[in-house]
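Let me begin by presenting the structure, written as structure tokens, before commenting on it.
As the structure is a prediction and not an experimental result, all values here were calculated from the model. Below, read A as the first sequence line, B as the second, and so on, with proteins coming before strands; counting in each chain starts at 1.
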Amino acid sequence: NAGVTQTPKFQVLKTGQSMTLQCAQDMNHEYMSWYRQDPGMGLRLIHYSVGAGITDQGEVPNGYNVSRSTTEDFPLRLLSAAPSQTSVYFCASRSGQKKIYGYTFGSGTRLTVV
Amino acid sequence: AQSVTQPDIHITVSEGASLELRCNYSYGATPYLFWYVQSPGQGLQLLLKYFSGDTLVQGIKGFEAEFKRSQSSFNLRKPSVHWSDAAEYFCAVGRGSSNTGKLIFGQGTTLQVKP
């Protein structure tokens, strides 16, 4: 089925470790985003991309890096994990056409930093 | 700055009763508005969206929402709630004239359905 695939679904890291959260979509969507979800705070935008080779920061970018070498993939890198990065991470994509404006979300990665 | 407020953190309704979830936004131009639903342990599913035109928007699962510019609101309604509607609901606003496609989310409303 077409959609947004996130891996892994669960991850436990030790403080200071690095890792990459993977996100892939097969809908040829131009726009992709990473959000983190914390209780009582909704979803907050970390980084986003409007196409291959183009990325920009969202509301809470510190401690995270992204790159977009292909249309399909948008990995999120944690450089040195901190307990404050314990969260559920969602990747989303959407078409660049104006009227097709709904985002498709992945099922999320639950990250715990100890 | 754009913002979205969902005043009700938690709502409990009886099965079969009507439902209204509130959403207020702050935005300087014409917003694009969305409602998403999240079941436990799942991703977000789009219920409905408003871009322009008719201010009453129909969505999936029997939900509808009404855009009221004068009140800066986009409340979600359902005439008769089913037990399967228990979930967390998020309102979001997008920048209509921007090419960034960024969404700003509210804090979410958790819906509990009593049998």
Side-chain angles (χ1 to χ4, degrees), chain A residues 1-7 9-10 21 23 25 27 29-51 54-61 68 74 87-110, chain B residues 1-10 21 23-25 29-53 57-60 63 65 74 87-110:
Chain A
N1 288 338
V4 179
T5 302
Q6 290 184 240
T7 56
K9 293 189 181 302
F10 301 94
L21 280 61
C23 175
Q25 53 92 9
M27 298 171 284
H29 283 171
E30 296 91 333
Y31 295 177
M32 297 186 74
S33 302
W34 275 103
Y35 291 85
R36 59 176 291 173
Q37 182 181 24
D38 302 292
M41 303 187 73
L43 281 79
R44 292 180 292 169
L45 182 64
I46 304 172
H47 285 286
Y48 65 97
S49 169
V50 299
I54 306 170
T55 64
D56 205 346
Q57 297 180 348
E59 301 172 69
V60 289
R68 184 98 180 269
F74 191 43
S87 188
V88 181
Y89 292 84
F90 288 99
C91 179
S93 73
R94 77 161 178 90
S95 168
Q97 295 177 43
K98 184 178 181 180
K99 291 299 184 184
I100 307 175
Y101 212 82
Y103 269 95
T104 299
F105 280 80
S107 57
T109 295
R110 185 174 295 275
Chain B
Q2 302 91 13
S3 66
V4 178
T5 302
Q6 294 179 244
D8 305 305
I9 296 173
H10 192 276
L21 302 182
C23 173
N24 295 99
Y25 65 90
T30 300
Y32 286 6
L33 296 160
F34 307 83
W35 275 99
Y36 284 87
V37 61
Q38 183 183 33
S39 298
Q42 302 298 313
L44 278 73
Q45 181 183 21
L46 180 66
L47 282 176
L48 48 77
K49 56 187 181 288
Y50 171 79
F51 297 149
S52 63
V57 180
Q58 302 297 320
I60 62 171
F63 285 92
F74 189 56
E88 190 161 19
Y89 292 80
F90 292 95
C91 181
V93 60
R95 301 176 68 176
S97 60
S98 167
N99 281 328
T100 64
K102 294 192 290 185
L103 290 180
I104 305 298
F105 283 85
Q107 304 93 320
T109 298
T110 299

Contact part of [X] toward chain B, heavy-atom cut-off under 4.5 Å: side chain, backbone, both or neither?
X: A:Q37; result: side chain
X: A:Q6; result: neither
X: A:L43; result: both

Chain A heavy atoms under 4.5 Å from [X]: which part of the residue, side chain, backbone, both or neither?
X: B:L44; result: both
X: B:Q6; result: neither
X: B:Q45; result: neither

For this session: Would you please indicate if the ring centroids of A:F105 and B:Y36 are separated by under 6.0 Å?
Result: yes
For this session: Assess the pair B:F63 and B:Y89: is the distance between their ring centroids shorter than 6.0 Å?
Result: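 That pair passes the under 6.0 Å test.
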Exercise. Do the side chain of A:W34 and the main chain of A:G58 share a donor and acceptor less than 3.5 angstrom apart?
Worked result: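 Between the backbone of A:G58 and the side chain of A:W34 there is no qualifying donor-acceptor contact (under 3.5 Å).
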Exercise. CD1 of B:I60: more than 12 outside heavy atoms within 6.0 angstrom?
Worked result: yes
Seminar exercise, completed: Looking only at A:S107, A:P39, A:A92, the option with the highest number of non-hydrogen pairs under 4.5 Å against chain B is A:S107
For this session: Start with the C-alpha distance between B:T5 and B:N24, add both sets of side-chain angles, then the distance that settles side chain to side chain donor-acceptor pair (under 3.5 Å), and finish with yes or no.
Result: CA-CA 5 Å; B:T5 302; B:N24 295 99; over 6 Å; no
Problem set entry | Check against side chain to side chain contact (heavy atoms under 4.5 Å, CB included), A:M27 and A:S95 | CA-CA 8 Å; A:M27 298 171 284; A:S95 168; over 6 Å; no
